[in-house]
Asks: 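The structure that follows is given in the form of structure tokens.
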Amino acid sequence: MNKEQLNAMRHSLAHITAQAVQRIWSGAKFGVGPVIENGFYYDIDIEEVKISEDDFSKIEAEMRKIIAADYLFERSEKSIEESIKWADEAKQPYKTELLNDLRRSGTTLAKDLDPAEMGTIAESGSGVDTVSFYTDGDFTDLCRGPHAESTGRVGAFKLMRVAGAYWRGKETNPQMQRLYGVAFATQEELDAHLNMLEEAKKRDHRKLGEELEMFTFSEDVGKGLPLLMPRGSVIKNLLSRYMRQEEEMNGYKYIDTPVITHERLYEKSGHAKFYSDDMFSMVDAEGQKFYVSPMNCPHHHQVYVKLVESYNDLPLRLAEHAGLYRHELSGTLTGLIRIRGPITQNDAHLYVTKDQLKNEFKKVLELFRHVYEVMGVEDYWYRLSLPDFDKDKFEGDKNVWQESGDIIRQAMDELGVKYIEAEGEAAFYGPKVDVQTRNVLGKEDSIATSQIDVLIPERMDLAYVDSDGNKQRPIIIHRAILGSIERFMGFLLEKTAGWLPFWLAPEQVRILTINETVNDYVDEIVSILSDIVLMKPLKYNEVRFTTDNRNESLGKKIREATAMKIPVQLIIGPRDKENREISVRTQKGEEKISLNSLREYLEGV
RNA sequence: GCCGCCUUAGCUCAGCUGGUAGAGCGGUACUUUCGUAAAGUAUAGGUCGCCGGUUCAAAUCCGGCAGGCGGCUCCA
């Protein structure tokens with residue numbers, strides 16, 4: 001079965017879902033029912049009725065009846081006038097709305113419609129004259145098609161969940177009930193998909209984070225405000241130290257700036273205007289208003305002003321690991337992936353001349369590549385976001401936007417990196433490059449970003465004197481490689497299923513004793529481990545280890561150490577002591593090493 | 001923020017149509033000194049998320065709040 005056939009099948013199932021719902025609740029009003037990754041949904045509005053997951057068996061049973069009846073999907077056409085009449089008579093106001101948009105503009109895509117016109121009545125228009133309908137048995141729906149031949153040919157499906165969704169994605173519109181289903185050509189493929197979802201649940205970073213004692217939440221502290229426990233704090237610290245090490249080797253200077261900031265600064269930077277809903281704020285006892293910093297770009301610009309006089313001072317690369325706070329909508333918070341704070345951006349701003357831009361941007365991309373290689377991030381690509389010059393509102397000089405977009409493109413081409421372009425996704429101050437990857441569920445996710453800022457230097461009056469003695473504006477490259485360190489931790493946990501690389505494991509080594517007779521030998525091992533300093537990839541890193549000499553069986557000690565995903569377990573019994581050996585247990589298996597080779601062994605893990 | 005679902009011991013969960021709380025794991029004590037994923041016995045843990053209502057009686061029914069989960073980008 002090819003992609004088109006699969007989509008037709010999934011779309012047919014969307015119709016069948018609506019048909020079943022209509023048989024059960026005759027007053028149901030329908031929105032749209034498109035194909036999505038792995039399945040379909042249908043937006044439904046039933047007055048007085050809230051569909052719950054308990055209703056799924058009933059709906060699915062009705063769907064099976066429709067499938068068993070094997071109705072043909074029959075296409076027909078109507079003029080737009082007739083169609084609107086049909087929708088009115090059928091009491092399908094959402095369809096009427098769609099038809100009006102089709103008549104006026106020839107599309108129903110929200111992004112292509114003028115928001116002021118969308119959904120309004122159109123007496124005439126330059127859109128379409130006729131539209132198509134599909135009928136299967138007792139159900140007819142406005143639809144572009146195509147469909148499966150008949151309702152009997154729709155493969156294997158399962159209704160998954162029902163969720164609220166605003167009509168056409170707008171918060172001011174009524175909220176509909178969106179019924180989600182997954183569908184595949186065969187039962188085997190469906191089962192494989194459901195199985196994959198089960199497996200993904202096991203590596204959910206929220207679950208792993210609690211199990212591995214890395215972080216937790218407290219309702220008294222507040223939602224979206226994680227508490228890193230000792231093990232989580234170790235990881236955060238290591239990631240932060242590692243990035244600082246790499247960046248300092250690449251000429252970055254670290255600075256530290258305050259968590260709260262007077263509103264003046266954010267007014268100058270434009271954040272107060274564009275970003276105020278996302279900022280926490282407070283008023284002090286003297287009536288002055290402060291924001292809790294959601295980003296430290298403006299602060300860095302303040303430092304720039306103090307450090308830069310002439311082109312000889314450029315490029316200037318300022319970096320910081322500050323704890324930032326952002327007021328994300330409460331419903332969007334998830335684990336460490338989306339938090340309110342502290343968000344430790346692995347942030348840096350590079351102030352460059354126009355001549356330096358391309359080369360500096362290439363160095364940024366090379367640093368990305370190096371860091372991801374060390375972190376074991378493999379499947380990623382870049383997404384170049386430019387404004388849609390025809391439609392988007394963007395501030396500043398169009399030529400500068402275009403020019404800097406071209407320079408980014410050249411830099412990526414010259415390095416041969418993989419990227420796609422996306423119009424209309426740019427930040428308000430310049431074009432940007434996002435690093436995209438897939439999460440365990442196969443969904444696309446942004447892990448980091450690099451933006452060019454063509455607007456702020458003007459607005460914040462950042463300047464330098466060039467070799468001819470003229471005042472010039474610098475260009476700013478704003479970049480984060482790990483994104484936020486908290487978020488990256490979550491990403492790594494899911495990617496590795498909790499088995500972090502050795503250098504990042506909060507507890508790298510655990511000594512498990514068999515009985516008390518080996519205590520003196522264990523002391524010897526402990527003193528050796530205490531002296532070992534590992535050098536890769538983070539320099540001067542002491543070995544993090546503990547000893548489990550409790551009065552428990554070896555089996556239990558192994559079980560617990562493995563549950564905590566301790567990468568290296570050293571098992572010490574009388575025989576090891578006698579031979580001056582160590583039994584090493586890792587995910588790969590068991591082996592014996594001599595006491596003398598312990599340091600060498602750990603350097604190689 | 002909005003919609004739906006969920007919240008019982010440290011953890012995982014049971015508790016039917018209201019009669020006032022249970023298991024396994026974990027914890028603790030004692031016994032056991034043990035070679036690659038759970039030793040044995042005993043024992044202590046809970047204002048059933050919080051606040052209010054209905055009732056002779058609420059973990060259970062109703063309302064509000066808080067927290068968690070899924071979604072709100074995919075467009076006839």
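None of these values were measured; they are calculated from a predicted model.
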Asks: Could you tell me whether the side chain of A/S583 has a donor or acceptor atom within less than 3.5 Å of a complementary atom in the base of B/rG35?
Replies: yes
Asks: How many Å lie between NZ on A/K592 and C1' on B/rU36, as a whole number?
Replies: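 Going from A/K592 (NZ) to B/rU36 (C1'), I get 10 Å.
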Asks: Rounded to the nearest Å, what distance is computed from the CD atom of residue A/E552 to the C1' atom of nucleotide B/rA29?
Replies: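 One finds 13 Å between C1' of B/rA29 and CD of A/E552, rounded.
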Asks: Out of B/rC75, B/rG35, B/rG70, which nucleotide sits closest to the side chain of A/R168?
Replies: B/rC75
Asks: Counting heavy atoms from C-beta on, name the nucleotide in B/rA38, B/rG68, B/rC75 closest to the side chain of A/K223.
Replies: B/rG68
Asks: Is any side-chain N of the basic residue among A/D434 and A/R383 closer than 4.0 Å to the acidic one's carboxylate O?
Replies: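 Yes, charged N to carboxylate O under 4.0 Å.
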Asks: Can you say whether a donor on the side chain of A/N515 sits under 3.5 Å from an acceptor on the base of B/rG35, or the other way round?
Replies: no
Asks: Tell me which of A/Y166 and A/R575 sits closer to the 5' end of RNA chain B, going by the nucleotide each one is nearest to.
Replies: A/Y166
Asks: Within the 4.0 Å heavy-atom criterion, would you say A/G573 contacts the bases, only the backbone, or no part of the nucleic acid?
Replies: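 Here A/G573 touches the bases of the nucleic acid.
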Asks: Provide, to the nearest angstrom, the distance between the OH atom belonging to A/Y180 and the P atom belonging to B/rU73.
Replies: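 Computing the A/Y180:OH to B/rU73:P distance gives 8 Å.
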Asks: What's the CG-P distance between A/L333 and B/rA66, to the nearest Å?
Replies: 14 Å
Asks: Quick one: label A/G169 by what it contacts on the DNA or RNA (base, sugar-phosphate, nothing), any heavy atom closer than 4.0 Å.
Replies: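 Sugar-phosphate, no base atom in range.
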Asks: Just call it for A/K78: base, sugar-phosphate, or nothing, with non-hydrogen atoms closer than 4.0 Å on any strand.
Replies: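 Nothing, no nucleic acid heavy atom in range.
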Asks: Quick one: A/I36 CD1 to B/rA76 P, roughly how many Å, whole number?
Replies: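 Interatomic distance, CD1 of A/I36 to P of B/rA76: 13 Å.
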Asks: For A/K78, does the NZ atom have more than 12 heavy-atom neighbours from other residues, nucleotides or ligands under 6.0 Å away?
Replies: yes
Asks: Is there a Watson-Crick or G-U wobble partner for B/rC56 with both distances under 3.5 Å, and if so, which one is it?
Replies: B/rG19
Asks: Under 4.0 Å, heavy atoms only, any strand: does A/T517 hit a base, just the sugar-phosphate, or nothing?
Replies: nothing
Asks: Please classify the nucleic acid contact of A/K95 as base, sugar-phosphate, or nothing, using heavy-atom distances under 4.0 Å.
Replies: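 Touches sugar-phosphate only.
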Asks: Say you pick atom C1' in B/rA57 and the same atom in B/rG1; how far apart are they, in whole Å?
Replies: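 Those two atoms are separated by 40 Å.
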Asks: For nucleotides B/rG64 and B/rC6, find the distance between their P atoms and express it as a whole number of Å.
Replies: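 Roughly 15 Å separates the two P atoms.
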Asks: Let me know the distance between CD1 of A/I46 and P of B/rC3, rounded to the nearest Å.
Replies: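 One finds 17 Å between P of B/rC3 and CD1 of A/I46, rounded.
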Asks: Looking for any heavy atom pair under 4.0 Å, which part of the strands does A/T334 touch: base, sugar-phosphate only, or nothing?
Replies: sugar-phosphate
Asks: Name the residue closer to the 5' end of RNA chain B, choosing between A/C143 and A/G224 according to the nucleotide with the nearest heavy atom.
Replies: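 Of the two residues, A/G224 wins.
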Asks: Taking atom types as modelled and ignoring hydrogens, do the side chains of A/Q569 and A/T586 form a donor-acceptor contact shorter than 3.5 angstrom?
Replies: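 Checked: A/Q569/A/T586 side chains show no N/O donor-acceptor pair below 3.5 Å.
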Asks: With ring-ring contact (aromatic ring centres under 6.0 Å, His included) as the test, pick out the partner of A/F133 among A/F73, A/F139, A/W86.
Replies: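 Running ring-ring contact (aromatic ring centres under 6.0 Å, His included) over A/F73, A/F139, A/W86 with A/F133 returns exactly one hit, A/W86.
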Asks: Using the C1' atoms only, state how far B/rG22 lies from B/rC65, rounded to an integer number of Å.
Replies: 29 Å
Asks: Would you mind classifying the nucleic acid contact of A/D43 as base, sugar-phosphate or nothing, using non-hydrogen atoms under 4.0 angstrom?
Replies: nothing
Asks: Describe the nucleic acid contact of A/R144 in one word from base, sugar-phosphate, nothing, applying a heavy-atom distance below 4.0 Å.
Replies: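 Base, at least one base atom sits under 4.0 Å.
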Asks: Need the glycosidic conformation of B/rG45: syn if within 90° of 0, anti if not. Which one?
Replies: syn
Asks: Determine whether a donor-acceptor pair (one donor, one acceptor, N or O, separation below 3.5 Å) exists between the side chain of A/Q175 and the base of B/rC2.
Replies: yes
Asks: So what's B/rC5 paired with, Watson-Crick or G-U wobble, going by both distances under 3.5 Å?
Replies: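 The answer is B/rG68, by the H-bond criterion.
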Asks: Heavy atoms only, 4.0 Å cut-off, all strands: where does A/S553 land among base, sugar-phosphate and nothing?
Replies: sugar-phosphate
Asks: Look at the side chain of A/A163 and decide which nucleotide, out of B/rG1, B/rA76, B/rG70, has an atom nearest to it.
Replies: B/rG70
Asks: Please give, in whole Å, the distance from B/rG35 C1' to A/E516 CD?
Replies: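 The answer, rounded to whole Å, is 16 Å.
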Asks: Regarding A/R178, tell me which of base, sugar-phosphate or nothing describes its non-hydrogen contacts under 4.0 Å with the strands shown.
Replies: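 It contacts sugar-phosphate atoms only.
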Asks: I'd like to know if A/R23 pairs up with A/E62 as an ion pair, taking the criterion as any Lys NZ or Arg NE/NH1/NH2 lying under 4.0 Å from an Asp or Glu carboxylate oxygen.
Replies: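 Result for this pair is yes, salt bridge flagged.
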Asks: Take the protein atom CD1 of A/I44 and the nucleotide atom C1' of B/rG4, then report the distance between them rounded to whole Å.
Replies: 14 Å
